[in-house]
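Structure, as structure tokens:
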Amino acid sequence: MLTNQALNAVMLPADKLEESGRSLSPIPGTELAKLFDASITASTAASISTMDTEIAVQEMIEGSQVTDNGAVTHDEVMANSVNLVSKVVLANLDLARNHVIPTTKTLREKYQTYMERAELDIAQPVMVIPNVYHDIWSTSELHGLVTRFENVPVNQYSMRFSLPRVTGDELRAMMKTGIGQLDEMVDGWIEDMQTDKLLHAYDRIFIEGTPIGKVPGANHLTDTGLDRNDLLIAHLISIGFEEEMPDGVNADLSSLREALSNVRRQSGRAIVGILNRRERDIRQKILSFAVTNVPWEFATNKTRVTVQLNNDVYIKFLEEGGSVETIYGAALKGDRVDYNALLEKKAMYEQFYERRISLHRQEVGSKVYMAQQEAARLAMRDLVNELEEDQLPYSRSDLHAKARECLGCYEPRYFKDEVYVLRSLVCEVLYSDTNVKMVLDAMDAAEQSDPEISPRECALHATIDLIARWLASQIKVNYK
């Protein structure tokens, strides 16, 4: 029922409205209008028309309509309104929890699949690939292991016979040197490497007979496609193979030892070459090994610049004030990626990069946006087509049309929050005749204002928001 406390709470807003020349009244036929009418008798109405607001308030409290059985009409109408609102709120909370959220999850999985198929590459128009050495390449133990092969003549060697296939565990056992600290480093090195990489290197060198002996070139690969890790794998296997020899070796011991010795000598000499070249590159401040252009459809000229960096020198470059943007700028401008030149012209290259990246984002942004719209449309199409007939609020063709209409209204910035935009699509297409989107948006707003808030409290905020909006929709603003 009406109380002094409830009515006094609206006095200040009423005064403010009066001062601004406005007043509020319920829209006829609404629940609020019914509730208002239940509080007005002929006597109350007469009092309200006077200037004595306090008398009017008291009249409303004391003069509320009463039914034939003595019940206060306001209370009955209020109970009916509360019951109606409660059902609406509970229905929307149930929709959100048990329908919209699971459906959004399904839609997102479909959307991500289509986005993956789109093969979008929104990265930089220049790509930097650092050449990073594992810590094992800096150990004195490795240097000591291969130094004696430094002056071995270059004589590429291929296995004359094939060794049997082995498992990853067997291969790891073969790579033990018996040198405690080195073996610990080898274990850590292998852990960072896929077993397939180990097996592939073994197969190429010891089964297929890929020649070894040459030092990798500027691209860190030999002319047969072996890299430094392949050569180190081969060298370690050549040391420990005999002690961990698997079944099925089709060669006499003398031939096997000769073959392993040749592998050891040539791989050892190549490893020494790798270590020497690394030291020389650091000393000479070789920042980039190569700059190439690769096909890329997202650039105006359909190519992307790729820079292979010497990570050892790159770290020093950053320490001396260089930046990756400087490298980007020089590469995009077509200038040589030179250590000293980049430090001297840092500001110029950074400014050039900023201009280019701004244009790039505009070019790529529109393509990404179209791909996002299309992926969302196709995902929603699949979702609607998979629904049972009794789950369809409208015909499938109408739902497809509604999805296209909604997606056409979503701006690119909406797709920054993938979950939100897809959830909105679910709400607006499948649950457009409910308030579930309003409820979920209110829960989001509550969580953003206080990240520590519980889901239950978020639901309470959403309920308050929904009821406030429902009441506001039933009020008319009058201007004097």
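Nearest heavy atom pair, residue Leu342 against residue Ala330, reads CD1-CB, 3.9 Å. The heavy-atom pair separating Val305 from Ala331 by the smallest distance is CG1-CB, 3.7 Å. Closest approach of Leu199 and Gly168 over heavy atoms only: CD2-N, 4.0 Å. Contact detail for Ala96 and Leu440: the closest heavy-atom pair is CB-CD2, 3.7 Å. Nearest heavy atoms, Tyr414 versus Cys409: CE2-O, 4.1 Å. Of all heavy-atom pairs spanning Ile357 and Pro125, the tightest one is CD1-CD, 3.5 Å.
Once rounded to the nearest 0.5 Å, the distance linking NZ of Lys333 with OH of Tyr349 reads 6.5 Å. A distance of 11.0 Å separates CD in Glu109 from OG1 in Thr104, rounded to the nearest 0.5 Å. To the nearest 0.5 angstrom, Thr292 atom OG1 is 11.0 Å from Arg304 atom CZ. Rounding to the nearest 0.5 Å gives a distance of 12.5 Å between CZ of Phe289 and CD1 of Ile129. Atoms OH and CD, on Tyr111 and Gln372 in that order, are 4.0 Å from each other to the nearest 0.5 Å. Residue Thr103 holds its OG1 atom at 8.5 Å from CE of Met380, rounded to the nearest 0.5 Å.
Using a 4.5 Å heavy-atom cutoff, the side chains of Trp189 and Ile233 are in contact. Residues Asn131 and Gln308 fail the side-chain proximity criterion, which asks for heavy atoms closer than 4.5 Å. When side chains are defined from C-beta on, Leu198 counts as touching Met175, because their heavy atoms get closer than 4.5 Å. Side chains of Ile453 and His461 form a contact here, defined as non-hydrogen atoms less than 4.5 Å apart. Between Thr463 and Ile467 the shortest side-chain heavy-atom distance falls below 4.5 Å. Ser25 is listed as a side-chain neighbour of Lys476, based on a closest heavy-atom distance under 4.5 Å. Residues Asp183 and Lys176 meet the side-chain proximity criterion, which asks for heavy atoms closer than 4.5 Å. Residues Leu430 and Leu387 meet the side-chain proximity criterion, which asks for heavy atoms closer than 4.5 Å.
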Just do the side chain to side chain contact (heavy atoms under 4.5 Å, CB included) check on Leu142 and Leu232 with the steps written out, would you?
CA-CA 10 Å; Leu142 178 59; Leu232 183 51; 3.8 Å; yes
Would Arg377 and Glu374 count as a salt bridge (Lys or Arg N to Asp or Glu O under 4.0 Å) if you check the C-alpha gap in whole Å, the side-chain angles of each, and the deciding distance to 0.1 Å?
CA-CA 5 Å; Arg377 184 190 70 79; Glu374 183 65 3; 2.8 Å; yes
With side chain to side chain contact (heavy atoms under 4.5 Å, CB included) as the test, would you mind laying out the steps for His400 and Asn385 before giving the verdict?
CA-CA 9 Å; His400 293 322; Asn385 288 343; 3.0 Å; yes
Arg456 and Ser454: side chain to side chain donor-acceptor pair (under 3.5 Å), yes or no, with the steps?
CA-CA 5 Å; Arg456 187 179 183 86; Ser454 69; over 6 Å; no
Given Asn311 and Tyr133, is the side chain to side chain contact (heavy atoms under 4.5 Å, CB included) satisfied, shown in steps?
CA-CA 8 Å; Asn311 195 65; Tyr133 284 80; over 6 Å; no
Can Asp465 and Arg469 be said to form a salt bridge (Lys or Arg N to Asp or Glu O under 4.0 Å), step by step?
CA-CA 6 Å; Asp465 183 82; Arg469 291 174 183 271; 2.7 Å; yes
Let me see the working for Asp312 and Arg278 under salt bridge (Lys or Arg N to Asp or Glu O under 4.0 Å), right down to the final yes or no.
CA-CA 9 Å; Asp312 296 322; Arg278 183 187 186 189; 2.8 Å; yes
Residue pair Val100, Arg423: steps toward the side chain to side chain contact (heavy atoms under 4.5 Å, CB included) verdict:
CA-CA 7 Å; Val100 174; Arg423 191 186 72 193; 3.8 Å; yes
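Between Tyr410 and Glu428, the side chains place a donor N or O and an acceptor N or O closer than 3.5 Å (distance only, hydrogens not considered).
Without hydrogens or angle criteria, Ser20 side chain to Leu17 main chain gives a donor-acceptor distance under 3.5 Å. The main-chain N or O of Glu354 is never found under 3.5 Å from a side-chain atom of Ser358 such that the two would form a donor-acceptor pair. Using modelled atom types, no side-chain atom of Asp441 and backbone atom of Met438 make a donor-acceptor pair closer than 3.5 Å. Looking only at distances, a side-chain donor or acceptor of Thr106 sits under 3.5 Å from a matching main-chain atom of Pro102. When atom types are taken as modelled, the side chain of Lys346 and the backbone of Gly321 share a donor-acceptor pair closer than 3.5 angstrom.
Cation-pi geometry between Arg117 and Tyr114 is met: the NZ or CZ atom falls under 6.0 Å from the ring centre, inside 45° of the normal.
Ring planes of Tyr314 and Phe317: parallel class, angle under 30° (limits at 30 and 60°). The aromatic rings of Tyr353 and Tyr328 lie tilted to each other, with the angle between the two planes from 30° to 60°.
Residue Lys197 qualifies as enclosed at atom NZ: its count of foreign heavy atoms under 6.0 Å is above 12. Annotation: Arg396, atom CZ; neighbour count of heavy atoms from other residues, nucleotides and ligands within 6.0 Å is above 12. Counting heavy atoms of neighbouring residues, nucleotides and ligands inside a 6.0 Å radius, atom CD of Gln181 does not exceed 12 of them.
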